[in-house]
Amino acid sequence: MNYSTIGTNIKSERNKQNITQEQLAEKAGITTNFLACIEVGIKRGSFETYVNIANALHVTLDSLTAEIIPACKENPLKNRLNYCFDNASEETQKLIVKIAEDITDIYR
């Protein structure tokens, strides 16, 4: 597995969100030095570490691994919808599902 690709994706997402290494490391519960080593591919984290980083960035783990796991090819629209759904109240989630079902029925 190409861990430097995961590190590059982490760094890219961190930069896109305007988050410093220090801020991300703190949110993910790791040291800044360890995060820097992950980002350049010098060190590998545990599965839990990558999950914590993805959670801290509010992205899915597959968005960080899409290039190295073919089954996880990133779909930006699906990711946006998932983000909206995951950050909505239960009532809003029900509404999102209802709207998606209605639209799907109309365009079948």
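In what follows, every heavy atom counts, from backbone to side chain, and hydrogens, waters and symmetry copies are set aside.
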Visitor: Rounded to the nearest 0.5 Å, what separates atom CZ in F34 from atom CD in E39?
Guide: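 Those atoms lie 11.5 Å apart.
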
Visitor: Distance-only, no hydrogens or angles: does the T104 side chain make a donor-acceptor pair with backbone N or O of A100 under 3.5 Å?
Guide: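 Checking the backbone N and O of A100 against the side chain of T104, a donor-acceptor pair under 3.5 Å is found.
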
Visitor: To check you understand the geometry: which heavy-atom pair defines the closest contact between R14 and L24, and what is its length?
Guide: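 So the two residues come closest at CD-CD2, 3.7 Å.
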
Visitor: What are the two closest non-hydrogen atoms of K43 and Y50, and how far apart are they?
Guide: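 In this case the closest contact between K43 and Y50 is O-OH, 4.5 Å.
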
Visitor: Give the intermediate values and the outcome of side chain to side chain donor-acceptor pair (under 3.5 Å) for residues T20 and Q23.
Guide: CA-CA 5 Å; T20 66; Q23 291 168 323; 3.3 Å; yes

Visitor: Let's go through T49 and S46 carefully: what are the C-alpha distance in whole Å and the side-chain angles of both, what is the deciding distance for side chain to side chain donor-acceptor pair (under 3.5 Å) to 0.1 Å, and is it a yes or a no?
Guide: CA-CA 5 Å; T49 298; S46 66; 3.0 Å; yes

Visitor: Give, for atom CG of L35 and atom NZ of K11, the distance between the pair rounded to the nearest 0.5 Å.
Guide: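 Taking CG in L35 and NZ in K11, the distance rounds to 10.0 Å.
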
Visitor: Does either side chain, that of S89 or that of T92, offer a donor lying less than 3.5 Å from an acceptor on the other one?
Guide: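 On atom types as modelled, these side chains qualify, holding a pair under 3.5 Å.
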
Visitor: Could you pull out all residues at least two apart from F85 that satisfy side-chain contact (heavy atoms from CB on, under 4.5 Å)?
Guide: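 Testing F85 for side-chain contact (heavy atoms from CB on, under 4.5 Å), a comparison that skips the adjacent residues, returns Q93, I96, V97.
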
Visitor: Any donor-acceptor pair under 3.5 Å linking the side-chain atoms of D62 with those of T60?
Guide: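 Yes, because at least one side-chain N or O of T60 sits under 3.5 Å from a partner of the opposite role on D62.
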
Visitor: Do you reckon I99 sits in the same ILVMFWY cluster as I106, going by side-chain contacts under 4.5 Å, direct or chained?
Guide: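 As far as the 4.5 Å side-chain criterion goes, I106 and I99 are connected within one cluster.
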
Visitor: Any side-chain to backbone donor/acceptor pair from S63 onto V59? Under 3.5 Å, distance only.
Guide: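 It does not hold such a pair.
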
Visitor: Nearest 0.5 Å please: distance from the OH atom of Y3 over to the OG1 atom of T8.
Guide: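 It comes to 14.5 Å.
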
Visitor: Between E13 and I10 (side chain of the first, backbone of the second, donor and acceptor by atom type, cut-off under 3.5 Å), is there such a pair?
Guide: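 Checked: no pair found.
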
Visitor: Check A56 against A28 and note the closest heavy-atom contact, atom names and distance.
Guide: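 Result for this residue pair: CB-N, 4.1 Å.
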
Visitor: Considering only heavy atoms from C-beta outward, does the side chain of L57 approach that of Q17 to under 4.5 Å?
Guide: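 Yes - at least one pair of side-chain heavy atoms lies under 4.5 Å apart.
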
Visitor: Does any non-hydrogen side-chain atom of I30 lie less than 4.5 Å from one of I53?
Guide: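 The answer is yes, as the side chains (C-beta and beyond) meet within the 4.5 Å cut-off.
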
Visitor: Nearest 0.5 Å, please: how far is OG1 in T31 from CD in Q21?
Guide: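 Taking CD in Q21 and OG1 in T31, the distance rounds to 10.0 Å.
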
Visitor: Is there a path of hydrophobic side-chain contacts, each under 4.5 Å between heavy atoms of I, L, V, M, F, W or Y residues, that connects I19 with V51?
Guide: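 Result: yes, single cluster for both.
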
